[in-house]
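All chains are named by letter (A, B, ...) in the order of the sequence lines, taking the proteins before the strands, and each is independently numbered beginning at 1. None of the values given here were measured: they were computed from a predicted structure.
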Amino acid sequence: MNHKELIAEIAAKMKLPRQEVEKLLDATVAACTEQLGEGKTIGVQSFGNFEVRKKEERLSVHPATQVRTLIPPKLVVNFKQSNILKDKIKDLPHHE
Amino acid sequence: MNREKISSQEIIDQVASQLKVSKRQSEEFLKEMFVTIEEALLAGESVKIKNFGTFKLQWNEPRKSVNIQTGEEIILDGYNKVTFTPDVKLKDIVNEPFAHLEPLVLDDDNEQEQEQDKESIIEESYDPLHIFTEQASEIKEILSEINALSSKNIENDKIDKNSEGDKELVNVMPDFIADNQSGRAKEISETEIANVGNNDVISDNKINIPPVREIDVPETSKIETVSGIKNPVKYITADEMEMAHNEGHKLNETQDELTQPEILSTPDPFMAEVRPNKNNRKGCLIFIIVVLLLAGVFVGNYYFSSATRCWIKYNLLSESNTSSISKASKTVFGWFKDLKSWFIDDTVIDDEMANFYTALYDPDSAKIKKDTVSIDTIAVVQSADSLQMLFDQHRVYKEFIAEERINEGSRLTLISEKYYGLRDFWVYIYEANRQKITDPDRIPTGTIIRIPKLDDRLIDKNNLRCVQYAKQLRDLYVGLE
């Protein structure tokens, strides 16, 4: 499901025009991004937490060329699912 | 990093105020949005939100583990997990505080260089250490001079040994000599005379040797040449007396001789000529050695035009012009030196020469080859001398290639590396800016220095002498401060 399909789905459920839903979605994404950009953790009830984690700098060695590279520290967004969501998807049949 | 946690409520408020919609609508939307995502995930789909990221369902395989308390093996069940991969835009925004950092490739050489740099900086900033190193270098100089003097004596011994080796060689010779005996005596005497001429020249040269003090290696080599020549001179003067009756022919004929290479290359018959005349066998052998040396010299002349030019100059002007004599003798100088050194070292065989001379006569071929090879080294000695002159010359800086402003962290060494390719050459920049720079370690920021245009030979980073000279200058200047 991509962006457009998601909008269509939500629009159908809420009985709102797509443009409206799109606006809302964009605003939400922008708000979330802004909060995450400030390093805040966003907790969504029954879904999960979005948090920013710091990856420390590290030394990577290219296995073939043996070139050592110092990777600088960075901040990444991490999502941790809530237990409610975990329980919901627990019984899902996995393909394999 | 901000550890604050916000709930979905704050997002709802923010969206509501931004879009000027009611909080209820906003809240409803957010709920609906996550429910939809959840449903899609439950349906096994991945959900992609533009500029935010992708939610995916990931199956984690069951795995074995051990109960820490009981040591029992337990199996952890496989489970599904929602993963979120942030979009590039979100990643960039979140990582903004560290965005300026770039992966740094660590090179081993680079690291060492940096360490060296640090060391040199420490060295430069610590004055007493410099005074100490300066003193150490002075002591080194004195030691090398002493060594050079003692090596002189050793050289004399070596020459004696060499002459003994030649005696053996000479014993093999007579077979050849018998063939070409007739009518060559004259030519040989001429070469002898030429050599006598050399003696004078050599004595001149001894005086002319420029004082080479800065660099140890050239100095010792020069002294070697002097000592190497001294001995031949001794022999020649002894023979000179005996050959006095032949001296009438002299210079004009030596010149003729030069034009006839085949005569030059076979001076051995003279040996046979001399032998009957001499009762003193030892004297004869010494003379033969001299002849062989000369043979090498002339063969060298024949094959290397530059050396021949030198010789012609010598022959033409030997009567009046002493300066050209000294030049010619310089080459002879080198030959003697190299002949001596080649006796000691292994031979480097020039193939062309080898073929030619083995055809002529075997026992001498190796030695003559040595002589010819030696000429290359003469050229090296001469070029080194011109470099020495360049060093000794007073440097005047008139042309400049650039101007550089001293900033925080600027260093003369770094500027030098930028323009000349090597840090050690900063001394020349310092020399050119002495009015502005009082202390090369502490240049006030904002100073504008000029980068002088230098002779390429002076800043040849592949030439060890240039680098050494620059280092000496550094010691000199840093010692002054």
What I'd like to find out is whether the side chain of [X] reaches to under 4.5 Å of the side chain of [Y], using heavy atoms alone.
{"X": "A:Gln35", "Y": "B:Ile11", "answer": "yes"}
{"X": "B:Ile6", "Y": "A:Thr41", "answer": "no"}
{"X": "A:Thr33", "Y": "B:Asn51", "answer": "no"}
{"X": "A:Val76", "Y": "B:Asn95", "answer": "no"}
{"X": "B:Leu90", "Y": "A:Leu36", "answer": "yes"}
{"X": "A:Glu20", "Y": "B:Phe29", "answer": "no"}

Atom group of [X] that falls short of 4.5 Å from chain A, counting heavy atoms:
{"X": "B:Lys89", "result": "neither"}
{"X": "B:Glu28", "result": "both"}
{"X": "B:Leu30", "result": "side chain"}
{"X": "B:Leu19", "result": "side chain"}

Atom pair CD1 (A:Ile7) and CE (B:Met33), whose distance is rounded to the nearest 0.5 Å: 10.5 Å
Kindly compute the distance separating CD1 (A:Ile71) from CD (B:Glu102), expressed to the nearest 0.5 Å.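 A:Ile71 atom CD1 to B:Glu102 atom CD measures 11.0 Å (nearest 0.5 Å).
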Heavy atoms only: give me the nearest A:Val29-B:Phe52 pair and the separation to one decimal. CG1-CB, 3.8 Å
Kindly give the heavy-atom pair with the smallest separation between A:Ala27 and B:Gln18, and that separation in Å.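 Taking every non-hydrogen atom into account, CB-OE1, 4.0 Å.
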Check: [X] side chain, [Y] main-chain N or O, donor-acceptor pair, under 3.5 Å:
{"X": "A:His3", "Y": "B:Lys50", "value": "yes"}
{"X": "B:Glu32", "Y": "A:Ile10", "value": "no"}
{"X": "B:Asn80", "Y": "A:Ile89", "value": "yes"}

With a 4.5 angstrom heavy-atom cut-off, is it the side chain or the backbone of [X] that approaches chain B, or both, or neither?
{"X": "A:Ile42", "result": "both"}
{"X": "A:Asn78", "result": "neither"}
{"X": "A:Glu34", "result": "side chain"}

Less than 4.0 angstrom from a charged side-chain N to a carboxylate O is my criterion; do A:Lys13 and B:Glu39 meet it? yes
Please verify the inter-ring angle class for A:Phe50 with B:Phe84; under 30° counts as parallel, over 60° as perpendicular, anything in between as tilted.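 Ring orientation, 0 to 90° scale: perpendicular.
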